[in-house]
Amino acid sequence: MENLLSVGDCVGLAIRQCRRDVKFLATKLLLPSVIELVGKLFLVSGARVFLASLHGGIPGPETLSALGPSLIGFLICIPAEVWLTMLQLSYVRMVVNRSTDFNLAFKQVRHKFWAVILYAVGYYAAFFVWVFAWAFMFGIASFLAKVGAGGAGGAIVMVPVILAMIVIALINLVLLLLPGSVLFVVLACEDKGFFQIIGRAYAMTFKRLFPTAGFCCVLFVTWMALFLALTSVLQIFYGAEYMKAGVYTGKKHAGEIQMPLYVQIIGGSWNSIIYMYLMPVFFLASGYYYYSLRMRLEGLDISNGIELLEQKRNAVSG
């Protein structure tokens, strides 16, 4: 890993490394994945009760009965998600720092428990703000289209709205998505303070802004391709169930069809299995890219080589 890595190298190395370590990852991630699956089953149960209560079109008192399973599901899923994230970041720290002691890496990452939660909450909060802003601007655009502002006057009104939506998208890309691609890896691999980690992630991103944007695009496309490939059989199974349910019930739209519980259980179980491979790929690709950034910006490979030579010299002289 001492050669400079391209964005494609980072993603490819992560895929191969996780494939070699798939049994190791399964042993570490199986228990929290099972716990998370149990939480998802409670969420599915609550969703089914809620959808059944809306069958008549108007929510009734029975809708409240969906809150119990949903709340239990959230209380189970959230700790399991945090546990999984801590384990995955520990794996990244172990690989990127070229260690073989996973337990030591987990012990070092475990002390950052609250930082992981706060970063995740902040990231999702910023994402929802971005979604709300886009929805607000889209609502304005739809309103203007409905009132019939046509011709040159309509174009003059719509241009600022379109420009505002483009600006919102760029702000989200530059200030949220790109630094977020290395933020959790910096947290995993470096022992710094809460705000120091944020500052370091942003500094590394803006020093290599366009390569980081390219890395995010390559990682997203590759990850989605892996996801679609691993769930292709499941999607065929879903399609057959939708067709069967539509034929038997006379419903024409997929949104009107509620999948049988056993189908949802199979789908949730399979997704939990493949995420034990896909999520480490995502984090480790970011870890390799982080290491490549440090090589380019800080000469990390040179300092590691000097340190190795000093260790060999001390061993010989000792």
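Keep in mind it's a predicted model, so treat the numbers as computed, not measured. Worth knowing before you read on, the calculation uses all heavy atoms, side chains too, and leaves out hydrogens, waters and symmetry mates.
Annotation: the span from Ile236 atom CD1 to Leu234 atom CG amounts to 9.5 Å, rounded to 0.5 Å. Between atom CE of residue Met276 and atom CG of residue Asn271 there is a gap of 11.5 Å, rounded to the nearest 0.5 Å. Distance check: Asp191 CG to Gln196 CD gives 11.0 Å after rounding to the nearest 0.5 Å. With rounding to the nearest 0.5 angstrom, the CE atom of Met94 is 10.0 Å from the CG atom of Asn103. Separating the OG1 atom in Thr85 from the CD1 atom in Ile117 is a distance of 9.5 Å, to the nearest 0.5 Å. To the nearest 0.5 Å, atom NZ of residue Lys107 and atom CG of residue Asp101 are 10.0 Å apart.
Placement of Val233 and Ile266 in two distinct hydrophobic clusters is found when ILVMFWY residues are connected by side-chain heavy-atom separations under 4.5 Å, directly or transitively. Under the 4.5 Å side-chain contact rule for hydrophobic residues, Phe74 and Val44 do not share a cluster. Under the 4.5 Å side-chain heavy-atom criterion for ILVMFWY residues, no single connected hydrophobic cluster contains both Leu31 and Val22. In terms of hydrophobic clustering, with Ile, Leu, Val, Met, Phe, Trp and Tyr side chains grouped at heavy-atom distances under 4.5 Å, Leu228 and Ile274 are assigned to a common cluster. Residues Trp114 and Val186 fall within the same hydrophobic cluster, defined by Ile, Leu, Val, Met, Phe, Trp and Tyr side chains chained together at heavy-atom separations under 4.5 Å.
Residues that satisfy the side chain to side chain contact (heavy atoms under 4.5 Å, CB included) test with Pro79, not counting sequence neighbours, are absent from this structure. Scanning for side chain to side chain contact (heavy atoms under 4.5 Å, CB included) contacts around Ala115 gives Lys112, Tyr119, Leu187, Phe194, with sequence neighbours left out. Contacts of Leu219 classified as side chain to side chain contact (heavy atoms under 4.5 Å, CB included), with partners at least two apart in sequence or in another chain: Val11, Phe215, Phe282, Ala285, Ser286. In this structure, Glu81 has no side chain to side chain donor-acceptor pair (under 3.5 Å) partners at least two apart in sequence or on a different chain. When the side chain to side chain contact (heavy atoms under 4.5 Å, CB included) test is applied to Gln108, the partners found at least two apart in sequence or on another chain are Arg93, Leu104.
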- Message: side chain to side chain contact (heavy atoms under 4.5 Å, CB included) for Phe184 and Val92? Distances and angles first, verdict last.
- Response: CA-CA 10 Å; Phe184 285 94; Val92 172; over 6 Å; no
Between Lys40 and Ser272, does the side chain to side chain contact (heavy atoms under 4.5 Å, CB included) criterion hold? Intermediate values first, please. CA-CA 10 Å; Lys40 288 179 179 178; Ser272 295; 4.3 Å; yes
- Query: Where do Leu178 and Phe206 land on the side chain to side chain contact (heavy atoms under 4.5 Å, CB included) test, with the steps shown first?
  - Reply: CA-CA 9 Å; Leu178 297 187; Phe206 283 104; over 6 Å; no
Criterion side chain to side chain contact (heavy atoms under 4.5 Å, CB included) on Glu36 and Leu84, from CA distance to verdict: CA-CA 9 Å; Glu36 182 192 35; Leu84 280 169; 3.5 Å; yes
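The number of heavy-atom neighbours closer than 6.0 Å to CH2 of Trp270, taken from other residues, nucleotides and ligands shown, is 12 or below. Residue Tyr275 qualifies as enclosed at atom OH: its count of foreign heavy atoms under 6.0 Å is above 12.
With contacts defined as side-chain heavy-atom distances shorter than 4.5 Å, the pair Arg98/Tyr291 qualifies. In this structure the side chain of Glu190 never reaches within 4.5 angstrom of the side chain of Ile197, judged on heavy atoms. Side-chain atoms of Pro211 and Tyr289, non-hydrogen and from C-beta on, do get closer than 4.5 Å to each other. At a threshold of 4.5 Å between non-hydrogen side-chain atoms, the residues Val281 and Thr222 do not count as touching. For the pair Ile78 and Leu75, the minimum side-chain heavy-atom distance is 4.5 Å or more. Residues Tyr290 and Leu183 form no side-chain contact, since every pair of their non-hydrogen atoms from C-beta on lies 4.5 Å or further apart.
A pairwise comparison of heavy atoms in Met204 and Leu293 identifies CE-CB, 3.6 Å as the closest pair. The minimum heavy-atom distance between Leu43 and Cys77, with the atom names listed, is CD1-SG, 3.9 Å. Considering all non-hydrogen atoms of both residues, Asn97 and Cys189 come closest at ND2-O, 3.9 Å. Residues Phe113 and Met86 approach most closely at CA-CE, 3.8 Å, considering heavy atoms. Listed here is the closest heavy atom pair of Gln17 and Val95: CG-CG1, 4.4 Å. Taking all atoms of both residues into account, the shortest heavy-atom contact from Trp223 to Leu278 is NE1-O, 3.1 Å.
Legend: ring-ring contact (aromatic ring centres under 6.0 Å, His included) pairs involving residues 93-112, not counting sequence neighbours, sorted by first then second residue: Phe24-Phe102.
A donor-acceptor pair under 3.5 Å links the side-chain atoms of Ser292 to the main chain of Leu5, judged by distance alone.
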